[in-house]
Amino acid sequence: MGGFFGVAAKENCIFDLFFGTDYHSHLGTRRAGLAVYGEEGFDRAIHNIENSPFRTKFDKDMQKMNGYYGIGCISDYEPQPLIVRSHHGTYAITTVGKINNTQEIVDTLFSNGNSHFLEMSGGDINPTELVASIINQKENIIEGIHYALELIDGSLTLMLMTPKGIYAARDKYGRTPLAIGKKEDAYCLSFEAFAYRNLGYQDYKELGPGEIVVVNENGAKTLMAPGTDMKICTFLWVYYGYPSSSYEGISVEQMRYNCGAKMAERDHVQPDIVAGVPDSGIAHAIGYSNKSGIPFSRPFIKYTPTWARSFMPTIQSKRNLIAKMKLIAVHELIQDKRLLLIDDSIVRGTQLRETAEFLYESGAKEVHIRPACPPLLYGCKYLNFSRSNSEMDLITRRVIARLEGTEDVSKEVLAEYADPESEKYEQMIEEIRKELNFTSLRFNRLDDMLESVGIPVENLCTYCWNGKE
């Protein structure tokens with residue numbers, strides 16, 4: 001995933017840029033960067049944040065960087081922002097998204113005279129560099145950005161900073177958000193709207209799908225009107241979004257309460273307590289508890305002062321170990337208790353299996369698992385939700401392969417496994433339950449989850465659950 005923040009101000013913007021970017025730290029774990037433009041031209045800093053938080057790595061840079069325009073990003077993958085010199089002049093660019101047709105685009109650019117691309121350490125092309133190269137194919141920046149939005153298969157939301165202002169564009173299907181904030185002497189652009197409110201900005205507008213704007217210290221101007229089709233990622237509410245986030249006017253925290261309540265309405269078990277896997281499962285569990293009347297409790301606490309996040313470092317075995325080590329049991333709330341535990345989702349299943357074992361070892365009589373979204377049957381095509389190389393990394397697909405006797409399963413058969421009323425769905429859930437050693441397992445239904453969001457269903461992306469684009 002990833003997130004970004006930009007500022008156009010009448011005076012030095014670095015304070016707002018530093019803290020606005022830092023407020024996106026929940027969206028990325030590997031790279032971060034800041035770029036500014038001021039009287040001395042462009043300046044940039046990029047650091048690895050895998051083992052140290054953003055503020056620690058960029059504190060010294062903040063003290064010396066100076067500019068009235070600035071963009072910053074937190075990334076799960078590529079180093080950025082990049083500073084690019086082209087026939088458009090020099091600019092800085094940062095992106096959020098995923099490019100599925102990289103090789104096709106590279107071949108086209110080579111045929112059009114592009115001489116080379118720099119390889120990252122893993123041998124991949126930096127996606128942000130690729131976007132810049134696409135933009136540079138056109139006579140002006142606006143045409144270039146529009147061309148990139150149309151050419152890329154996947155998703156693309158971006159900011160591009162020039163000496164005259166910051167251009168910004170939201171993905172053509174609005175899969176990721178982009179908001180503008182305003183205060184007396186500055187405007188800002190942000191993936192997360194909450195990131196600018198403590199900095200004194202008020203909501204100005206949310207960009208629509210495919211909308212292109214330019215922002216400077218005096219205002220924001222729409223250069224290309226938004227489209228009418230939207231497919232915003234539903235996982236923003238289920239998992240990615242910080243509790244204080246809102247997208248399309250819908251609160252993440254409230255959606256999760258709604259989600260938990262919907263699960264409680266369909267459930268029949270009678271546990272002693274309801275708990276959420278920290279952190280993203282907690283609000284779902286509160287909603288479940290409020291609706292069911294079963295007490296909410298915290299039988300284990302995530303030790304956050306020094307431990308890295310559970311999807312850090314990138315070696316899977318170490319990620320699982322850290323996820324287990326940072327959970328501290330409250331034995332008095334576990335011993336001889338029947339627990340109902342809500343997590344945002346089940347991907348591989350490894351961490352949740354270890355969490356259940358941890359609870360059994362701590363004295364739990366029963367561990368009932370309730371993921372807040374339906375079974376994940378497809379790897380995401382549009383965002384870097386997971387760095388999995390194969391859909392067989394999903395526990396659902398491994399179980400389906402066993403049940404069907406082959407990994408080569410048609411979309412028609414997968415549709416049966418996505419149907420909560422089907423026999424195949426029930427078989428899949430039972431196999432997952434046995435493999436992960438849960439007392440019971442019941443996933444949230446897709447229709448209930450979408451209703452919990454509350455915007456028109458046709459505006460929500462559900463590809464990872466039902467394969468519908």
Side-chain angles (χ1 to χ4, degrees), residues 1 233-235 238-240 259 263 276-278 280-281 284 309-312 314-324 327 339-360 366-381 383-411 413-446 449 462-468:
M1 194 58 168
C233 174
T234 313
F235 242 108
V238 175
Y239 169 63
Y240 278 128
C259 218
M263 288 191 285
V277 176
S280 51
H284 296 291
R309 282 173 266 187
S310 59
F311 42 97
M312 284 277 302
T314 54
I315 299 172
Q316 187 63 39
S317 61
K318 298 299 183 184
R319 288 166 60 176
N320 295 336
L321 176 61
I322 287 176
K324 184 176 182 180
L327 295 180
L339 309 179
L340 187 143
L341 187 62
I342 300 181
D343 204 354
D344 54 78
S345 61
I346 298 181
V347 184
R348 295 175 178 86
T350 307
Q351 292 183 9
L352 203 50
R353 180 182 64 237
E354 292 184 351
T355 299
E357 291 172 355
F358 161 81
L359 292 171
Y360 288 132
E366 298 175 359
V367 179
H368 302 271
I369 300 296
R370 299 294 182 265
C373 72
L376 295 163
L377 298 181
Y378 296 86
C380 182
K381 291 173 58 176
L383 299 172
N384 287 313
F385 169 61
S386 171
R387 286 285 164 188
S388 299
N389 295 319
S390 168
E391 287 183 329
M392 288 302 114
D393 287 338
L394 298 172
I395 189 170
T396 53
R397 296 298 288 271
R398 296 198 305 271
V399 166
I400 290 170
R402 289 203 304 266
L403 292 171
E404 295 293 321
T406 177
E407 293 183 6
D408 187 18
V409 180
S410 69
K411 291 196 73 170
V413 172
L414 288 173
E416 292 185 63
Y417 282 102
D419 180 2
E421 305 293 342
S422 73
E423 184 177 340
K424 285 185 180 293
Y425 178 91
E426 292 297 334
Q427 289 176 333
M428 175 184 67
I429 302 307
E430 177 58 15
E431 287 299 310
I432 295 172
R433 185 201 68 78
K434 290 190 295 186
E435 181 173 329
L436 302 184
N437 192 28
F438 303 149
T439 306
S440 74
L441 173 64
R442 187 185 185 107
F443 286 81
N444 198 2
R445 290 171 56 112
L446 182 61
M449 183 186 69
T462 59
Y463 178 82
C464 57
W465 297 294
N466 59 12
K468 294 185 178 180

Side chain proximity check, [X] to [Y], heavy atoms < 4.5 angstrom:
X	Y	answer
Leu403	Tyr417	yes
Leu436	Leu441	no
Leu352	Phe438	yes
Lys424	Glu404	yes
Tyr360	Asn437	yes
Asn444	Cys259	yes

Might you point out which heavy atoms bring [X] and [Y] nearest each other, and give the distance in Å?
X	Y	answer
Pro375	Tyr425	CG-CE1, 3.8 Å
Ile395	Arg348	CB-O, 3.3 Å
Pro371	Met263	O-SD, 3.4 Å
Trp465	Cys373	NE1-SG, 3.5 Å

**Donor-acceptor pair between Tyr378 and Thr462 side chains, under 3.5 angstrom** =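 On atom types as modelled, these side chains do not qualify, holding no pair under 3.5 Å.
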Starting at [atom1] of [X], measure out to [atom2] of [Y] and round the result to the nearest 0.5 Å.
X	Y	atom1	atom2	value
Asp344	Tyr240	CG	OH	10.5 Å
Thr396	Ile346	OG1	CD1	9.5 Å
Leu414	Asn466	CG	CG	11.0 Å
Asp419	Leu446	CG	CG	10.5 Å
Ile369	Leu340	CD1	CG	7.5 Å

**Test side-chain hydrogen bond (donor to acceptor under 3.5 Å, both in side chains) applied to Arg397 - qualifying residues, sequence neighbours left out** =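 Per chain and number, Arg397 pairs via side-chain hydrogen bond (donor to acceptor under 3.5 Å, both in side chains) with Glu391.
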**Message:** My understanding is that only residues two or more places apart in sequence, or in another chain, count here; which of them pass side-chain hydrogen bond (donor to acceptor under 3.5 Å, both in side chains) with Glu435?
**Reply:** Arg402
**Asked** Who are the side-chain contact (heavy atoms from CB on, under 4.5 Å) partners of Lys381, not counting sequence neighbours?
**Response** Asn100, Tyr463, Glu469
**Message:** Using the side-chain contact (heavy atoms from CB on, under 4.5 Å) criterion, which residues pair with Ala415? Sequence neighbours excluded.
**Reply:**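 Expected list: none.
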**Message:** Once salt bridge (charged side-chain N to carboxylate O under 4.0 Å, His left out) is applied, do any residues pair with Glu421, and if so which ones, sequence neighbours excluded?
**Reply:**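 Testing Glu421 for salt bridge (charged side-chain N to carboxylate O under 4.0 Å, His left out), a comparison that skips the adjacent residues, returns Arg445.
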**Request:** Quick one: list whatever passes salt bridge (charged side-chain N to carboxylate O under 4.0 Å, His left out) with Lys468, sequence neighbours left out.
**Result:**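 In terms of salt bridge (charged side-chain N to carboxylate O under 4.0 Å, His left out), with neighbours along the sequence ignored, Lys468 is linked to no residue.
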**Request:** Determine, step by step, whether Arg442 and Ile429 satisfy the side-chain contact (heavy atoms from CB on, under 4.5 Å) criterion, reporting the C-alpha distance in whole Å, the side-chain angles of both residues, the deciding distance to 0.1 Å, and the verdict.
**Result:** CA-CA 7 Å; Arg442 187 185 185 107; Ile429 302 307; over 6 Å; no
**Message:** Leu394 vs Leu377, test: side-chain contact (heavy atoms from CB on, under 4.5 Å). Steps then yes/no.
**Reply:** CA-CA 7 Å; Leu394 298 172; Leu377 298 181; 5.9 Å; no
**Message:** So does Phe443 get a backbone contact from the side chain of Arg370, meaning a donor-acceptor N/O pair under 3.5 Å?
**Reply:** no
**Request:** State whether the side chain of Ser422 and the backbone N or O of Glu416 hold a donor-acceptor pair below 3.5 Å, judged by distance alone.
**Result:**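 Side chain of Ser422 to backbone of Glu416: a pair is present.
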**Request:** Determine, step by step, whether Ser345 and Val238 satisfy the side-chain contact (heavy atoms from CB on, under 4.5 Å) criterion, reporting the C-alpha distance in whole Å, the side-chain angles of both residues, the deciding distance to 0.1 Å, and the verdict.
**Result:** CA-CA 8 Å; Ser345 61; Val238 175; 5.6 Å; no
**Item:** Greater than 12 external heavy atoms within 6.0 Å of Glu407's CD
**Value:** no
